[in-house]
Amino acid sequence: MKVAFVGIGKMGLPMAGNVLRAGHDLTVFNRTLERCDPLRDDGATVATNAAEAVREAEVLVTMVADPAAVESQILDDEAVLADAPKGLVWLEMSTIGPSAAREFAERAAGAGVTMLDAPVSGSVAVAEAAALVSMVGGDAEALERARPVLEAMTKAHFHLGRSGTGAAMKLAVNVMIASQTVAISEALVLAEAAGIERPDAYEVIAAGALASPFVDYKKAAFLDPDGTPPAFALDLMRKDLKLALEQGDAAGLPLLGATASAEAVTVAAGLEGGDGDLVRVADALRRISGGSGPAAKD
């Protein structure tokens, strides 16, 4: 298929690479064009703007930071959708929340474009392995047309219903990720305060009833945060939790755990830097308590 991919960041680069390796005709655009160089080297066409990228596409994929980025890169330039081919399916794979997803889908429909909110769960390493999980909201027939592109990037994708349901599910998943990260951080710091070595404490967590793929996956980051590349930045989770709390407010749901997680992530971002991985919540707790750990040694 002819695919346009807008947003070649940490996640977008491996995702777009997998689309290209699956044999699709790929055109990419990113505001910082140099980020597209690896894809150009592999055979992708690099456009000078989003409208040019989309002009002959059958499927448009966007993977950007937030709703404002979708607005500025796609919707502010009227030519992007107005000049798009008839029948274009837009896979919006960023984390933007259900309200923005429904609004963007309605605006796209006005230009004859079908937008599916199809955010993904998984880190950069998971994206590189084409093993992401996508949660999809929107028209089922459009999903069928875009399925070959989605399959190039994911190991599974779930059609959850009308527009906005994929975006809503992504926030629900990220609430769990944040809550688990905070819980593991507190458990480790509590154990360390009792004189238990961090690796020993983590082994207990990983072997007990709370063991999970997430616990195993984050082990290296929790035990060696300085030596493990960030997988999910604190600032991005702050944004996602804000969207989740807004979604909860709209539904009349008191998201107590998400509220506590948002506070913990905000404190950690302030103390450890917003570009750091979520596991820096544990370092922030150590810093506050004066305990041992990478942050306390600074």
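Numbering starts at 1 and runs along the sequence shown.
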All N/O donor-acceptor pairs, side-chain side in residues 34-46, below 3.5 Å, sequence neighbours left out:
none

### Task
Only pairs at least two apart or in different chains count here, so list each salt bridge (Lys or Arg N to Asp or Glu O under 4.0 Å) that has a residue in residues 139-154.
Glu141-Arg145, Glu144-Arg147
#### Entry: Results of side chain to side chain contact (heavy atoms under 4.5 Å, CB included) for Arg31 - residues two or more places apart only
Phe29, Ser72, Gln73
### Task
Report yes or no: does Lys170 contribute a side-chain atom to a donor-acceptor pair with the main-chain N or O of Val120 at less than 3.5 Å?
yes
Run the side-chain donor-acceptor check on residues 250-271: report pairs under 3.5 Å with partners two or more places apart or on a different chain.
unit_1, atom_1, unit_2, atom_2, d
Thr259, OG1, Leu255, O, 2.8
Ser261, OG, Ser179, OG, 3.4
Ser261, OG, Gly257, O, 3.0
Thr266, OG1, Ala262, O, 2.8

### Message
Going by the rule salt bridge (Lys or Arg N to Asp or Glu O under 4.0 Å), which residues pair with Lys155 if we only count those two or more places apart in sequence or in a different chain?
### Response
none
#### Entry: side-chain hydrogen bond (donor to acceptor under 3.5 Å, both in side chains) partners for Asp235, two or more places apart
Arg238
### Query
Partners of Thr48 by side-chain hydrogen bond (donor to acceptor under 3.5 Å, both in side chains), sequence neighbours excluded?
Glu52
### Query
Parallel, tilted or perpendicular: which fits the ring planes of Trp90 and Phe104, with parallel below 30° and perpendicular above 60°?
parallel
### Message
Please enumerate all residues that pass side chain to side chain contact (heavy atoms under 4.5 Å, CB included) together with Ala22, with sequence neighbours excluded.
### Response
His24, Ala152
### Query
Charged N to carboxylate O below 4.0 Å: is that the case for Lys242 and Glu246?
yes
### Within residues 66-86 or reaching into it, pairs that qualify as salt bridge (Lys or Arg N to Asp or Glu O under 4.0 Å) - sequence neighbours excluded
Glu71-Arg107
### Query
Can you list the residues that meet the side chain to side chain contact (heavy atoms under 4.5 Å, CB included) rule with Glu56, with sequence neighbours excluded?
Lys2
#### Entry: Of all pairs that satisfy side-chain hydrogen bond (donor to acceptor under 3.5 Å, both in side chains), the ones with a partner from residues 11-23, not counting sequence neighbours
Asn18-Arg21
### Query
Taking the hydrophobic residues Ile, Leu, Val, Met, Phe, Trp and Tyr, and joining any pair whose side-chain heavy atoms are under 4.5 Å apart, which ones share a cluster with Ile196?
none
### Message
Would the distance check show the side chain of Ser212 and the main-chain N or O of Val215 forming a donor-acceptor pair, the cut-off being under 3.5 Å?
### Response
yes
### Query
Under 4.0 Å between a Lys/Arg side-chain N and an Asp/Glu carboxylate O for Asp277 and Arg280?
no
